[in-house]
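Presented below is the structure to which this report refers.
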Amino acid sequence: MKDIVLAPPAMVRNQFETIRELFSKNVVPSYGRFDLALSHGSGSYLYDVNGRRYLDLGGGIAVCALGHAHPAITEALIEQSKKLVHISNLYYQEPQGRLAQALVKLIGPGKCFFSNSGGEANEGLFKLARKFGHEEGRFEILTTINSFHGRTLAGIAATGQDKVKKDFEPMTPGFRHVPYNNLEAMRAALSPATVAIMIEGIQGEGGVTPATPEYLLGLRELCNEKKLLFLMDSVQCGHFRSGQFQSFQRILEGVPGGESFLPDGVSMAKSLGGGFPMGAFWARAPYADLLGAGTHGTTYGGSPLACTVALKVLEVIENEKLADNARQTGEFLKSRLLQLSQKYPRVIQNVRGLGMMLGVELAANIPNLPGDPSKTQAARMTNLLHTAGLLVIPAGANVLRLLPALNLTRGEAEEGLKLIESVVANVAA
Ligand SMILES: Cc1ncc(COP(=O)(O)O)c(C=O)c1O
């Protein structure tokens, strides 16, 4: 006969197990989650339900630009929610207009559309491109291998990674992928149906690879020559993470011809709301009125609450000079991580990225890497770092991403480096 073991009362059971059980019974298991249940945070620190503290260098996947529980965000949420949370896009409201004005000032002449996520921002750009090419029967958008553009049906078709498409075929038509940072491959792939090119300024999920200046300038020329829209997915690499508002502005710093560079469309999300879910796209002036009344929309996009928070995030970034901090603290992290890669080449193979968007590429087949061998090296290293008290984000099977808050201090960066070195040294021993 089967033993009947009564569950201990909830109070004395491990809180983590209780929460995990809630998930396993009630939440669609579409995410591979780590064994951590977090309850609150402050700045760059997060606390789990058992009271343990972690230094967060993952920033909720590049979202928490000001860290956790920033008082300016809390206050903006409270004050705006007392006035107006939502009205729909049937009416005008000041915060959306002011946020669009701020984003236009930061990118260039054009207009903005507001959505609720990065995937939805990209969907808007896909529709902009289709509208642009419709009369000529052009609809195809070329993207790059290892890109990531979201989990919607068009998003997975646009994404240059087979793993997101598997079992969801047939794919939405009109997307093809070519190697990244390869101008000739892009030129060779153009067809009479091509209407746009979309790239990330720094590939994120694909392993943190910045575009080269030649690639950006070459794609701009190619798009001018062939009458294509040049679209940039800045969902992850934008919003000052690189040290400039847009990664292309950082990559093209001091490069002849770079001052006048502008893409035709830019999608944004993640750090835009600092944790409040929102997205946006910017369309360059000649194309900014293509999507006329009734052609595109979303109920919640650009609500007064979301836009007030986003304006506050921009204000704090400016007042506290966080773009400079992203550049300086990011470069400090990168140079110290590069030193670690020289010291422990059997564990760290390479370090890439700009500012607060860094990728630590692990060596292939690290000997004796602890953890479940059915898991990727990146997942196993991430688990070891969690045990040491540090949060990072895996990108693919072999890269760890650091996407910390833009206000990460030098001291916190040093603390993170110490924790990384302790784990890496242990693995290397
Ligand atoms: C470059 C890029 N584009 C699009 C997306 C999708 O954004 P969201 O998850 O907000 O839909 C992501 C998310 O990681 C991303 O990194």
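Counting starts at 1 for both ligands and their atoms, in listed order.
Identified under the salt bridge (charged side-chain N to carboxylate O under 4.0 Å, His left out) test for residues 286-311, with sequence neighbours left out: K111-D289. Annotation: side-chain hydrogen bond (donor to acceptor under 3.5 Å, both in side chains) contacts involving residues 148-158, sequence neighbours excluded, comprise E123-T152, S147-H149, H149-D233.
The distance from the CZ atom of F139 to the CZ atom of F175 is 10.5 Å, given to the nearest 0.5 Å.
Listed by chain and number, the residues in a salt bridge (Lys or Arg N to Asp or Glu O under 4.0 Å) with D56 amount to none (sequence neighbours excluded).
For the pair R220 and F230, the cation does not sit on the ring face, since its NZ or CZ is not both under 6.0 Å from the ring centre and inside 45° of the axis. Under the 6.0 Å distance and 45° angle rule, R33 does not count as a cation-pi partner of F23.
Enumerated by chain and number, the residues approaching ligand 1 to less than 4.0 Å through a heavy atom are S117, G118, G119, N122, F148, H149, G150, E200, E205, D233, V235, Q236, K270.
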